[in-house]
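Below is one structure, written out as structure tokens, with a few remarks after it.
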Amino acid sequence: MNTQSYQPVALIIGASRGLGLGLTKRFLERDWQVIATEREGSVRPELRNLAATDPRLSVETVDMDSDASLQALRDRLSKRSLDLVMVNAGTLGDPDAPFVQRLLAVMRTNVAGAMSAVRYFSTQVRAGGVVAVMSSELASITDNTKGRWEPYRSSKSALNQSLRSFAAEMPDALWSLTAVAPGWVRTDMGGPDAILDIETSTRGVTNMLMTHFNQRGIAFLNYQGKTLNW
Ligand SMILES: NC(=O)c1ccc[n+]([C@@H]2O[C@H](COP(=O)([O-])OP(=O)(O)OC[C@H]3O[C@@H](n4cnc5c(N)ncnc54)[C@H](OP(=O)(O)O)[C@@H]3O)[C@@H](O)[C@H]2O)c1
């Protein structure tokens, strides 16, 4: 491998808007190649517009709620070696839906979809690479003294738990696993009152992830690199 011309590759799942789009921009700024995904029929053109002017960016489609869709993406990318997989896609669920419906919906996307993506794409991550999921500070069971956001919190706690099981069952894995808490960010999900802008959060997340290459093990970290309570 000629290290001088080596251009690392990131797969960012859920990049049509918000933090995923921000992370895509941050890795392009670092001169990475980025494979970024949106859902089929996405009405948000930003990612595709960026790809039209930047050959380092390619856009794929996947819906994490569909195993067939995840498998199809895995098949399309089967020849690619990845340095980073970031499973960013997530949902708060429909606030007007009944409790059980909302809980099942967030579990479907934030846990089943996200962990399927981890299982499918981590096999393509090179030794020394990074596998990351977008978790949340709300995932912490230890720090949950105030309640609220029960379905969403539960899904992110379950995501962290699932990631820890995955790590424990793969002690010989040659990449590191990271559950990321991006802070409270002004996106469609975070809303206008959130304290961070997308650039601050994604710059912090990117800097933090860069310190995890050529390491092993699992960590739960915020966008400033601070270790959080599980
Ligand atoms: N914003 C915050 O304050 C905050 C705080 C903590 C954690 N997070 C986490 O950070 C991640 C990104 O959040 P965000 O604020 O950027 O949210 P967002 O603005 O609502 O964007 C969510 C992204 O996920 C994609 N997505 C949702 N469901 C999907 C599915 N089933 N399959 C594929 N893609 C799907 C969306 O695609 P479409 O455009 O097609 O809907 C969109 O690209 C989420 O995991 C979220 O839980 C956010």
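All residue numbers in this chain count up from 1 along the given sequence. Just so you know, ligand 1 is whichever comes first in the structure, and atom 1 is the first atom listed for that ligand.
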(message) Tell me if the aromatic rings of Tyr6 and Trp32 count as close, with their centers under 6.0 Å from one another.
(response) no
(message) So for Gly183, does at least one of its heavy atoms come nearer than 4.0 angstrom to any atom of ligand 1?
(response) yes
(message) Within the 4.0 Å heavy-atom shell around Ser136, which atoms of ligand 1 are there?
(response) 6 (C), 7 (C)
(message) With a cutoff of 4.0 Å, is Arg17 in contact with ligand 1, counting heavy atoms of the residue only?
(response) yes
(request) Of the side chain and backbone of Ser42, name the one, both, or neither that has a heavy atom under 4.0 Å from an atom of ligand 1. (result) neither
(message) Counting only heavy atoms closer than 4.0 Å, does ligand 1 sit against the backbone of Asn88, its side chain, both, or neither?
(response) both
(request) Please indicate whether Glu40 has more than 12 foreign heavy atoms, meaning atoms of other residues, nucleotides or ligands, lying under 6.0 Å from its CD. (result) no
(request) Please could you name the atoms of ligand 1 that Trp184 approaches to less than 4.0 Å, counting only its heavy atoms? (result) 3 (O)
(message) Can you tell me how far apart CG (Leu70) and OG (Ser116) are? Round to the nearest 0.5 Å.
(response) 6.0 Å
(message) Tell me the protein heavy atom at minimum distance from atom 15 (O) of ligand 1, and give that distance in Å.
(response) Thr187 OG1, 2.5 Å
(message) Within the structure, is a non-hydrogen atom of Pro182 found at a distance of less than 4.0 Å from ligand 1?
(response) yes
(message) If we only consider heavy atoms of Ser135, is any one of them less than 4.0 Å away from an atom in ligand 1?
(response) yes
(message) Can you tell me if Trp149 has over 12 outside heavy atoms packed within less than 6.0 Å of its CH2?
(response) no
(request) Please write down residue, atom name and distance for the protein heavy atom closest to atom 17 (O) of ligand 1. (result) Met189 CB, 3.5 Å
(request) Considering heavy atoms of the protein only, find what lies nearest to atom 13 (O) of ligand 1 and give residue, atom and distance to 0.1 Å. (result) Leu19 CD1, 3.9 Å
(message) When you measure from the side chain of Asn229 to the backbone of Asp143, do you find a donor-acceptor pair of N or O atoms at a distance under 3.5 Å?
(response) no
(message) When you measure from the side chain of Thr200 to the backbone of Leu196, do you find a donor-acceptor pair of N or O atoms at a distance under 3.5 Å?
(response) no
(message) Which residue and atom name correspond to the protein heavy atom nearest atom 40 (O) of ligand 1, and how close is it?
(response) Arg39 NE, 3.0 Å
(request) Identify, by atom number and element, the atoms of ligand 1 in contact range of Gly90, meaning under 4.0 Å from any of its heavy atoms. (result) 22 (C), 24 (O), 27 (C), 44 (C), 45 (O)
(message) Which residue and atom name correspond to the protein heavy atom nearest atom 34 (N) of ligand 1, and how close is it?
(response) Ala89 CB, 3.4 Å
(message) Within the 4.0 Å heavy-atom shell around Val62, which atoms of ligand 1 are there?
(response) 33 (C)
(request) Specify the protein heavy atom at minimum distance from atom 37 (O) of ligand 1: its residue, its atom name, and the distance to 0.1 Å. (result) Ser16 OG, 3.3 Å
(message) Between Arg44 (side chain only) and Arg17 (backbone N and O only), is there a donor and an acceptor less than 3.5 Å apart?
(response) no
(message) Which of the numbered atoms in ligand 1 are under 4.0 angstrom from any heavy atom belonging to Thr109?
(response) 28 (N), 31 (N)
(request) Count the heavy atoms belonging to other residues, nucleotides or ligands that lie under 6.0 Å from CD of Gln161, then report whether that count exceeds 12. (result) no
(request) Ignoring angles and geometry beyond distance, decide whether Val185 reaches within less than 3.5 Å of ligand 1 through its nitrogen or oxygen atoms. (result) yes
(request) Measure the CG-CZ distance between Leu28 and Arg56 for me, rounded to the nearest 0.5 Å. (result) 5.0 Å
(request) Answer with side chain, backbone, both or neither: which part of Lys156 has a heavy atom less than 4.0 angstrom from an atom of ligand 1? (result) side chain
(request) Give the ring-plane orientation class for Phe166 versus Trp175, where under 30° counts as parallel, over 60° as perpendicular and anything between as tilted. (result) parallel
(request) Would you check, one step at a time, whether the test side-chain hydrogen bond (donor to acceptor under 3.5 Å, both in side chains) holds for Ser69 with Asp63? (result) CA-CA 6 Å; Ser69 173; Asp63 184 339; over 6 Å; no
(message) Give the atom numbers and elements of ligand 1 that come within less than 4.0 Å of a heavy atom of Gly190.
(response) 1 (N), 3 (O)
(message) I need the Ser140 OG to Arg153 CZ distance, nearest 0.5 Å.
(response) 8.5 Å
(message) List ligand 1 atoms under 4.0 Å from Asp188, heavy atoms only on the residue side.
(response) 19 (O)
(request) Would you mind running through ligand 1 and noting each atom that sits below 4.0 Å from a heavy atom of Tyr152? (result) 6 (C), 7 (C), 8 (N), 9 (C), 46 (C), 47 (O)
(request) Look at atom 10 (O) of ligand 1 and say which protein heavy atom is nearest, naming residue and atom and giving the distance to 0.1 Å. (result) Met134 CG, 3.0 Å
(request) To the nearest 0.5 angstrom, please state how far the CZ atom of Arg26 sits from the CE atom of Met210. (result) 14.0 Å
(request) Can you pull out the closest protein heavy atom to atom 31 (N) of ligand 1? Residue, atom name and distance to 0.1 Å, please. (result) Asp63 OD1, 3.0 Å
(message) Working to the nearest 0.5 angstrom, can you tell me the gap between Arg203 CZ and Leu23 CG?
(response) 11.0 Å
(request) Before signing off on this row, confirm whether Met64 and ligand 1 have an N or O atom pair separated by under 3.5 Å. (result) yes
(request) Would you sort out whether Asp83 and Arg126 count as a salt bridge (Lys or Arg N to Asp or Glu O under 4.0 Å), showing the intermediate values? (result) CA-CA 6 Å; Asp83 295 84; Arg126 67 159 174 89; 2.4 Å; yes
